Amino acid sequence: MKKLKNQKFIFVVGGVMSGVGKGVTASSIGKMLQFTGYKVSAVKIDPYVNVDAGTMNPTEHGETFVLEDGYETDQDMGNYERFLNTSLCRESYMTTGSIYQKVIHKERSLGYKGKTVSVVPHVPLAVIEQIKKAAKKEEADITIVEIGGTVGEYENILFLEAARMMKRKNSEDVAFVLVSYLPVPNTLGEMKTKPTQQAVRTLQESGVFPDIIVGRSPGSMDDRRKSKIATSSMLEDSDIISAPNLDSIYDLPEYFLKEELDIKLLKKLKLRKKTNKKGDFDKKAWNTFVKNTKESSNEVSIAVVGKYFGTGDFVLSDAYVSVIEALKFSAAQLKIKIKIDWLQAQDFEGSDKNKNLKQLKKYDGVLVPGGFGNSGIEGKINVIEYVRKNKIPFFGICLGMQMASVEFARNVLKLNDAHSTEVYPKTFYPIVDILPEQKEKMKKGDYGGSMRLGSYKAHLKRGTLARKIYKTDVISERHRHRYELTINEHKERFEKKGFIISGTSPDGLLPEIIELNQKIHPFFIAVQFHPELQARPLDPHPIFTAFLKAGLKS
Ligand code: GLN
């Protein structure tokens, strides 16, 4: 396809409050524009000072999404990759911390040639430089740029300034979408537009004038309210789009199409809507996927045993969103319904342990995802022992694989205090241990961005379950961990009892996939990497699909 003369940018900002689905709205706008045949990419800006999302607590911030190139980013990047069906580069993500780090580095290396370096314009200029670099690297016709946080906050002012500066320079290449919230207070039962009107005004004060306003609310917005918002923001009524809650987030691109948001946005960017085979093909595939998510034939019920679910009195599954989405994509591929229960690993440790373990029988499969630190560890090991003995399909990810190996060492090989040195540094059998280069980093307090991160190749062993699932000898998967399985000393004993290392690093030294011989257990597989990070609606991950298939049979 012919390239556009100028690359186009759509900034998406949030009004009234956070958590109203700005990321999903921005991703859906991107998907919808993909259907028009343009090449679409995304950039996410997070206003916090952390240099990346790798050092943040998952209960507070949700999952850390690792890109192919190893950059640790916010979970919204996962949404972009899943909706747009693409792998994004590290330039596609930035924080206040990462931008300041760049500006300071440039200043220290005389990059500003002795000039005074000021917050404005130098910081917004660095933001613009990175946005453009990302668009160029992705060869995007249109780049969606999501600015995190809410309009009016102190923290995202410099990013809004960058957006304003870009608009000033290339007015026809930049559009703004405000995603705002429309409350319906219980006491009134009426949808209120005032907070959104105020958000528009605040945005305008920073020199940014929205082209489209998307109003998020549980129900639809009527014409009267659209008109009120349009009047106060100098827009046409048709520029105000209602975005009510839908059955599934994946319904949103199609919903926006019905609202003709594609035509409206392209017009603002002075682009023509074109029909193109790739766009049509993508739209068809997407619609089939959405239709399949609504299949309600067979149901598979899966338990995810994690530890980052509790925040105060609330249960959040944000820390595992990619795992959950990956399960949903495979369920859609198999045209089955999936029921996911989040179980706290800690509940399998205390006095209720046995009672709770027995409850696992009702599941068609048990998944133990990744994690860090001590809490819930013994609970996970107990769960794995139970599913191994009771032949319940099991899928372990990262920490899940490490604990599956510890469980096997302890309970089958009788290496009694076997453990990971992350949890019990003095163990006599360090089945899972830190690599020497990682140890050096820890000594220096070098915790940020220093794990084994990003895509690595692995070689699969012929005749194994893993090889059958992937249907290829070499795979590439994304990693995020500091510890590794170190069972070489005991390898023969493990193998004799049916524990198979079915995938290793290309040099054969690091185990990447383990499984139990299918004569012992119908489906017991665990991986050192994070397969969920590569699962896409239009390209579900084969292990998740195989796991659900095994669940269907059980
Ligand atoms: N905590 C373990 C490690 O660092 C596992 C990490 C994970 O599950 N992502 O190796």
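Bear in mind that the values here come from a model prediction, so they are computed numbers and not experimental data. For ligands, and for the atoms within them, numbers begin at 1 and follow the listed sequence. Basis for what follows: all heavy atoms, side chains included, without hydrogens, waters or symmetry-related copies.
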Verdict with supporting geometry, Phe289 and Phe329, ring pair (Phe, Tyr, Trp, His ring centres under 6.0 Å) | CA-CA 8 Å; Phe289 154 70; Phe329 304 152; 5.8 Å; yes

Which of Asn79, Thr95, Asp76 passes side chain to side chain donor-acceptor pair (under 3.5 Å) with Lys44? Answer is Asp76

Out of Gln75, His541, Arg82, which one pairs with Ser322 under the side chain to side chain donor-acceptor pair (under 3.5 Å) rule?
-> Arg82

Who are the side-chain hydrogen bond (donor to acceptor under 3.5 Å, both in side chains) partners of Asp352, not counting sequence neighbours?
-> none

Mind checking what residues have non-hydrogen atoms under 4.0 angstrom from ligand 1?
-> Gly370, Gly371, Phe372, Cys398, Leu399, Gln402, Glu422, Arg480, His481, Arg482, Tyr483, His530

Just wondering, more than 12 heavy atoms not from Lys391 lying within 6.0 Å of its NZ?
-> yes

Would you check if the side chain of Asp364 reaches a backbone N or O of Ser301 as a donor-acceptor pair within less than 3.5 Å?
-> yes

